[in-house]
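Residue numbers run from 1 in the order of the sequence given.
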Amino acid sequence: MSANSAAAAAHMTAALAPMEQGSVVSEVAERLLAYFTSGDIAPGTRLPAERQLAASLGVGRSAVREALAALEILGIVIVRPGSGTYLRDGVSELLPRTLSWGLMLGEPRTRELVELRSGLEVQAVELAAARIGDEALARMRSNLDSMEANLDNLAAFVEADAAFHKEIAASSGNQVLQELLQSIRSLLRIWVDRALTDEGHAAAALKEHAAIFAALQARDASAVTATMRSHMETASRRLLAGFDAAQ
């Protein structure tokens, strides 16, 4: 570990005071999440080892391990085998406190988040239709190419899919909308990853994204709305089918 990484780890473990005995895993994750969103730790920072975090919080290593696993699912941290656990780059990747832990629990909340995401994605693309620039369109074209090249690699396909939608949100010119969508995507991440289960689903999703791209490129407001609404209807069905299967 470099001197800078060691200093960051020391600062982090000092900032995380011991917790009361009997705290559950969700409370450990809440404490970590609150610290990660405080602005005191830079995105990309390597986290201290589990044993250091456990000692700082006064809990067992298993509680820290499970809390970090939950935060990884939500897209808050990323585990790099052989290197360590890192805070994800980009503040927009982190969950705002107003949308934190309780929202990821329970069937009604999940269905409501899916419904909310659909409406926000349509709003974002409608704003982007009037504001998107050529550079953003070029990046979206690259995302589509990556999706097409990875129809048999669903993990890579999902990453390109997410990047495509992030470009739309960024091109909306509305930072609040962009951050809300990122938060909802993080909360739904585990179900999004499971929504595409075969190449047939991926091919259908690619076709939907290509239609959205063509409408944006043409700056056709009505087509932009129609294509995104159609895509969100099918994407939501795929996502909820995966969620239902896991219940």
Side-chain angles (χ1 to χ4, degrees), residues 73-75 78 88-93 113-175 177-243:
I73 288 172
L74 292 175
I78 182 170
R88 275 191 178 273
D89 292 336
V91 174
S92 64
E93 292 286 344
L113 280 175
V114 171
E115 184 178 73
L116 179 60
R117 183 193 67 161
S118 296
L120 292 179
E121 289 281 9
V122 171
Q123 185 175 4
V125 83
E126 287 175 341
L127 291 172
R131 300 172 179 176
I132 196 165
D134 290 339
E135 290 183 0
L137 285 168
R139 289 190 293 269
M140 291 176 70
R141 176 71 264 176
S142 179
N143 298 147
L144 281 176
D145 290 342
S146 180
M147 292 168 71
E148 186 172 12
N150 287 288
L151 290 172
D152 59 348
N153 181 348
L154 298 183
F157 184 96
V158 168
E159 288 298 322
D161 182 329
F164 182 96
H165 282 274
K166 287 179 184 178
E167 285 292 344
I168 292 174
S171 296
S172 75
N174 187 311
Q175 186 67 26
L177 178 58
Q178 183 178 352
E179 291 178 0
L180 280 172
L181 275 168
Q182 182 56 54
S183 297
I184 291 171
R185 289 191 198 104
S186 295
L187 286 164
L188 293 174
R189 178 61 186 261
I190 187 173
W191 307 116
V192 170
D193 287 352
R194 296 177 181 181
L196 294 174
T197 56
D198 58 45
E199 290 183 37
H201 287 165
L206 174 61
K207 185 176 180 179
E208 294 162 13
H209 284 78
I212 294 167
F213 177 79
L216 279 172
Q217 194 170 40
R219 271 74 172 185
D220 185 333
S222 61
V224 159
T225 299
T227 54
M228 179 59 83
R229 186 167 289 144
S230 175
H231 169 54
M232 294 314 302
E233 286 175 358
T234 56
S236 295
R237 283 199 299 271
R238 284 192 292 263
L239 188 152
L240 289 173
F243 175 75

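With S172 contributing its side chain and A169 its backbone, the two residues share a donor-acceptor pair below 3.5 Å. Although no hydrogens or angles enter the test, the distance criterion places a donor-acceptor pair under 3.5 Å between the side chain of H209 and the main chain of A205. Panel note: side chain S142, backbone A138; no donor-acceptor pair is recorded below 3.5 Å. Using modelled atom types, one side-chain atom of S236 and one backbone atom of M232 make a donor-acceptor pair closer than 3.5 Å.
Sorted by first then second residue, the salt bridge (Lys or Arg N to Asp or Glu O under 4.0 Å) pairs that include residues 125-135, not counting sequence neighbours, are D134-R219.
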With side chain to side chain contact (heavy atoms under 4.5 Å, CB included) as the criterion, how do I212 and I168 come out once you've worked through the C-alpha distance, each side chain's angles and the decisive distance to 0.1 Å? CA-CA 10 Å; I212 294 167; I168 292 174; 4.1 Å; yes
Go through the steps to decide whether E121 and H231 satisfy the test side chain to side chain contact (heavy atoms under 4.5 Å, CB included), and finish with yes or no. CA-CA 10 Å; E121 289 281 9; H231 169 54; over 6 Å; no
Run R238 and E208 through salt bridge (charged side-chain N to carboxylate O under 4.0 Å, His left out) and show every step you take. CA-CA 13 Å; R238 284 192 292 263; E208 294 162 13; 3.2 Å; yes
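When every heavy atom of V224 is checked against every heavy atom of L216, the shortest pair comes out as CG2-N, 3.7 Å.
Separation of atoms CZ (F164) and CD (E159) is listed at 15.5 Å; rounding is to 0.5 Å. The CD atom of Q182 sits 4.5 Å away from atom NZ of K166, with the distance rounded to the nearest 0.5 Å. Going from atom CD1 of I184 over to atom CG of L180 covers 6.0 Å, rounded to the nearest 0.5 Å. In this structure, CG on N143 lies 11.0 Å from CG on L137, to the nearest 0.5 angstrom. Atoms CG and CD, from L120 and E115 in turn, are 11.0 Å apart once rounded to the nearest 0.5 Å.
Using a 4.5 Å heavy-atom cutoff, the side chains of M228 and Q123 are not in contact. Side-chain atoms of I132 and M140, non-hydrogen and from C-beta on, do get closer than 4.5 Å to each other.
Under the side chain to side chain contact (heavy atoms under 4.5 Å, CB included) criterion, L206 pairs with L144, M147, E148, L151, F157, sequence neighbours left out.
A side-chain donor from one of Q175 and E179 sits under 3.5 Å from a side-chain acceptor of the other.
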